[in-house]
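Encoded as structure tokens, the structure appears first; notes follow it.
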Amino acid sequence: MEKKKIAIIGAGNMGGAIVNGLLKSGFVAASDIYIADRKQSILDEFKEKGVNTFEQNNEAAKYADLIVLAVKPYHFKSVIHEIKPEINPGKMIISIVTGVTIKQIETEAGINIPVFRAMPNTAIALQESLTCISGNNGSEAHMNYVTELFDHLGKTLIIPEELMAAATVLSSCGIAFALRYIRAAMQGGIEMGFGAEMAQYITAQTVKGATELVLRTGHHPEREIDKVTTPRGVTITGLNEMEHKGFSSSLIRGLMVSYNKIDDKLQ
Ligand SMILES: NC(=O)c1ccc[n+]([C@@H]2O[C@H](COP(=O)([O-])OP(=O)(O)OC[C@H]3O[C@@H](n4cnc5c(N)ncnc54)[C@H](OP(=O)(O)O)[C@@H]3O)[C@@H](O)[C@H]2O)c1
């Protein structure tokens, strides 16, 4: 698929990170990016990088072949109505808006064009996102393009849209859940004598190591845990105490409460 001009509607955490990641990866030239936000101050950083910036969402959408919606869910309707006059055949939409379905986007846009949902996480700022993608009305070439775009911002998975709410919890909320583990482990490290900085480094690098063990070997986590848990040993004693206090159970409950909070589950 030929090069596309990309509009990003919303220059917040995610929209901004997408632009920075796309620039860093070289997937698209700054001059082919059109970013809109209602705050000029937030746009200055992008202007300096040669990106086209707009305070009116419809202005950015006008120039683009691909429109990325990166606004809060409660702003979705007003924003899509702002850009509606600029949505025409030949364009495509990617929405990263949590809980807004492809059907809702199609209905509000009022036109039959390729629409994709993508669910990245904040590691997109480091091009380390896990982005789940679902699509409708697009050709294989469209899906390949969307996948390639997010491949430049981390790893991608194509999933049925009915799993988008689950993907949101596991991947997008998952960043916060994993970080809360890191913070809690740090607190323990500090109580045992490490300074905060060292406790943070040890914990974060340890989590990275655990992650790599699973990702690179494909092993079930319990297989790697078995290697660390000597009978009557230190690790199994701590692990079992955590489980007695509901470690796995509270995690799963938290995931499910988050999942049930997402309004637009398709099931
Ligand atoms: N954060 C995550 O981990 C994550 C992961 C996946 C998906 N998402 C989804 O990504 C979307 C963006 O999240 P975010 O964290 O980047 O939000 P955010 O930081 O609030 O960014 C949204 C930006 O869009 C701007 N915007 C531009 N035109 C607007 C208009 N007409 N009305 C309202 N806002 C307008 C907002 O301006 P104001 O500040 O003035 O409102 C804000 O700067 C959300 O739907 C979120 O659910 C987030």
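Order of listing sets the numbers, starting from 1, for every ligand and every atom in it. In this chain, residues are counted from 1 in sequence order.
Under the 3.5 Å distance criterion, with hydrogens and angles disregarded, a donor-acceptor pair is assigned to the side chains of S248 and E243. For the residue pair T156/D151, the side-chain donor-acceptor check at 3.5 Å is satisfied. Judged by distance alone, the side chains of N136 and E106 do bring a donor and an acceptor atom under 3.5 Å apart. Checked by atom type, the side-chain pair S139/H142 shows a donor-acceptor distance below 3.5 Å. Between the side chains of Q40 and D44, at least one donor N or O lies within less than 3.5 Å of an accepting N or O.
Side-chain atoms of N52 come within 3.5 Å of backbone N or O of S31 as a donor-acceptor pair.
Scanning the protein for heavy atoms near atom 21 (O) of ligand 1, the closest one is G12 CA, 3.2 Å. Annotation: atom 8 (N) of ligand 1 to nearest protein heavy atom, I96 O, 3.6 Å. Scanning the protein heavy atoms around atom 30 (C) of ligand 1, the nearest turns out to be V79 CG2, 3.5 Å. Summary of contacts: the protein heavy atom closest to atom 24 (O) of ligand 1 is G10 CA, 3.2 Å. Looking only at heavy atoms of the protein, atom 20 (O) of ligand 1 is closest to K72 CE, 3.3 Å. Annotation: atom 32 (N) of ligand 1 to nearest protein heavy atom, R38 NH1, 3.4 Å. The closest protein non-hydrogen atom to atom 42 (C) of ligand 1 is D37 OD2, 3.5 Å. Nearest protein heavy-atom neighbour of atom 3 (O) of ligand 1: T122 CG2, 3.5 Å.
When the heavy atoms of R117, Q56, K39, E82 are ranked by distance to atom 31 (N) of ligand 1, first place goes to E82. Ranked by closest heavy atom to atom 6 (C) of ligand 1, the top entry among A123, A167, P120 is P120. In the candidate list N121, V71, T168, V71 is nearest to atom 11 (C) of ligand 1, counting heavy atoms. Considering only non-hydrogen atoms, atom 19 (O) of ligand 1 lies nearest to N13 out of N13, V100, I18, I262.
Grouped by direct or indirect side-chain proximity (heavy atoms under 4.5 Å, Ile/Leu/Val/Met/Phe/Trp/Tyr only), V257 sits alone. Under a 4.5 Å side-chain heavy-atom cut-off, the cluster of Ile, Leu, Val, Met, Phe, Trp and Tyr residues that includes Y34 is completed by F54, Y63.
The pair K208-E212 does not meet the salt-bridge criterion, since no charged nitrogen lies less than 4.0 angstrom from a carboxylate oxygen.
When each atom of ligand 1 is checked for a heavy atom of M119 under 4.0 Å away, the hits are 6 (C), 7 (C). Atom numbering of ligand 1 starts at 1 in the shown order; those under 4.0 Å from a heavy atom of S172 are 5 (C), 6 (C). Less than 4.0 angstrom separates some heavy atom of V97 from each of these atoms of ligand 1: 45 (O). Numbered from 1 in the order shown, with element, the atoms of ligand 1 that lie under 4.0 Å from a heavy atom of H75 read 32 (N), 33 (C), 34 (N), 41 (O).
For ligand 1, the polar-atom distance check against M14 finds a nitrogen or oxygen pair separated by under 3.5 Å. Checked against a 3.5 angstrom limit, the closest N/O atoms of N57 and ligand 1 fall inside it. Backbone and side-chain nitrogen or oxygen atoms of T98 are examined, and one is located within less than 3.5 angstrom of a nitrogen or oxygen of ligand 1.
Closest of all the heavy-atom pairs between Y259 and A165 is CE1-CB, 3.7 Å. Residues C132 and A167 approach most closely at SG-CB, 3.7 Å, considering heavy atoms. Shortest non-hydrogen contact noted between E108 and I80 is CB-CG2, 3.5 Å.
Residue-level proximity to ligand 1 for A70 is carried by the backbone, the only part with a heavy atom below 4.0 angstrom.
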